[in-house]
Amino acid sequence: MKSLLNSVIINMIKQDNLHGRQILIKNFQKQKASQYGNLVSAFSGDKCLRCGQSKFYTLPTKVRQCMTCVELKAVFETDFLLRVPSTNFEKVTGSILTWGGRLTKEQQKISQQLVKYLKNKQDSLVHAVTGAGKTEMLFESIAFVLKEGMRVAICCPRVDVVDELFERLSIAFSKTQIGKYHGNAHPPSFNYQLIICTTHQLMKFLRLLI
């Protein structure tokens, strides 16, 4: 059984489309898996490195299990995370945004400010009511990041919102392949530069920007 699991894990890792991800590795798999990326303990002190939380349950064997991200598959302190290095995407000089709409004067002002924050590597928050155009105000920021050859992830807690955003962004960025990930969506693994996912699915990736 261990031999079969090893084979499955290693075949997954060998695929280029797993660049930029972190994969849960059991103790008996770590020797073979370590050649494909950076292998770190799943727990660091009192923190689970997959979800960043510290809510544990101690088994009768005295081994701790993370209870925050258990829905993604149980992770124990004896486990490891294989962090596969991310690939580089080429910078784009031409237009990447294919959205045909227009922002209002105030929306455009916010959109430009968000791009400025990105360039300065500053956090930002847009607080507005439903229907105010928050998604559209993100378009310029997304385009900027994609053109710079970096990856973008847009995440939200609800599956239906992920589905809706996928449809809208598929039109706004029709030249870009978009990955959609939630509990009911399991697309073939691919090295997507733009990802839309639920917050739980984001834990399977590393250092995505938005």
Side-chain angles (χ1 to χ4, degrees), residues 1-87 123 125 151-167 169 178-210:
M1 185 64 178
K2 287 186 177 182
S3 178
L4 176 60
L5 285 173
N6 261 326
S7 178
V8 171
I9 292 292
I10 299 306
N11 284 337
M12 288 175 57
I13 296 168
K14 285 182 177 179
Q15 299 179 52
D16 290 339
N17 49 33
L18 292 182
H19 281 281
R21 298 198 187 202
Q22 62 177 5
I23 304 166
L24 182 62
I25 298 292
K26 296 299 179 181
N27 186 57
F28 67 87
Q29 299 166 329
K30 67 177 185 178
Q31 185 173 356
K32 289 188 176 181
S34 61
Q35 61 184 301
Y36 297 102
N38 183 30
L39 202 63
V40 300
S41 295
F43 287 11
S44 176
D46 289 327
K47 180 187 290 186
C48 169
L49 294 185
R50 182 168 70 172
C51 67
Q53 301 302 307
S54 302
K55 184 179 179 181
F56 302 124
Y57 172 75
T58 303
L59 302 173
T61 58
K62 306 302 182 182
V63 174
R64 292 178 300 169
Q65 173 186 344
C66 179
M67 299 305 295
T68 302
C69 59
V70 66
E71 292 181 5
L72 284 181
K73 188 176 181 181
V75 56
F76 304 94
E77 63 180 324
T78 52
D79 293 338
F80 294 84
L81 294 172
L82 177 67
R83 296 177 168 178
V84 184
S86 182
T87 186
D123 294 333
L125 170 67
R151 301 181 82 178
V152 179
I154 300 174
C155 62
C156 54
R158 288 168 42 191
V159 169
D160 59 325
V161 177
V162 171
D163 289 335
E164 178 191 347
L165 287 175
F166 178 78
E167 296 298 327
L169 268 73
I178 303 174
K180 179 176 72 171
Y181 297 93
H182 57 63
N184 300 323
H186 304 281
S189 294
F190 186 77
N191 195 28
Y192 296 104
Q193 190 178 5
L194 174 56
I195 295 166
I196 304 171
C197 65
T198 51
T199 48
H200 278 85
Q201 294 295 322
L202 193 63
M203 295 180 198
K204 297 179 179 178
F205 296 87
L206 290 171
R207 301 181 186 86
L208 290 173
L209 191 58
I210 292 179

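What you see below is based on every heavy atom in this structure, not just the backbone, and it leaves out hydrogens, waters and symmetry mates.
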So SG of C51 and CE of M67: to nearest 0.5 Å the spacing works out to 11.0 Å
Determine which pairs satisfy salt bridge (Lys or Arg N to Asp or Glu O under 4.0 Å) with at least one residue from residues 49-58, sequence neighbours left out, and list them in order. none
Can you tell me how far NZ of K180 sits from CG of L194, rounded to the nearest 0.5 angstrom? 13.0 Å
Close side-chain approach of R151 to F205, heavy-atom, < 4.5 Å: yes
How many angstroms lie between atom CG of N38 and atom CZ of R83, to the nearest 0.5 angstrom? 7.0 Å
So how far is it from L202 CG to I196 CD1, rounded to the nearest 0.5 Å? 12.5 Å
Closest heavy-atom pair and its distance - N27, K30: O-CG, 3.2 Å
Do Q22 side-chain atoms and M203 backbone N/O form a donor-acceptor pair below 3.5 Å? yes
Side-chain donor-acceptor contacts of residues 70-81 below 3.5 Å, not counting sequence neighbours, with atom names and distances?
residue	atom	partner	partner atom	Å
E77	OE1	R64	NE	3.3
E77	OE1	R64	NH2	3.2
E77	OE2	R64	N	2.8
D79	OD1	K26	NZ	3.4
D79	OD2	K26	NZ	3.0
D79	OD2	F76	N	2.9

When rounded to the nearest 0.5 angstrom, what is the spacing between CD in Q53 and SG in C69? 9.0 Å
So CG of D46 and SG of C48: to nearest 0.5 Å the spacing works out to 12.0 Å
For L49 against S44, the heavy-atom pair lying closest together: CD2-CB, 3.8 Å
Candidates T198, D163, T199 - the one meeting side chain to side chain donor-acceptor pair (under 3.5 Å) with H182: D163
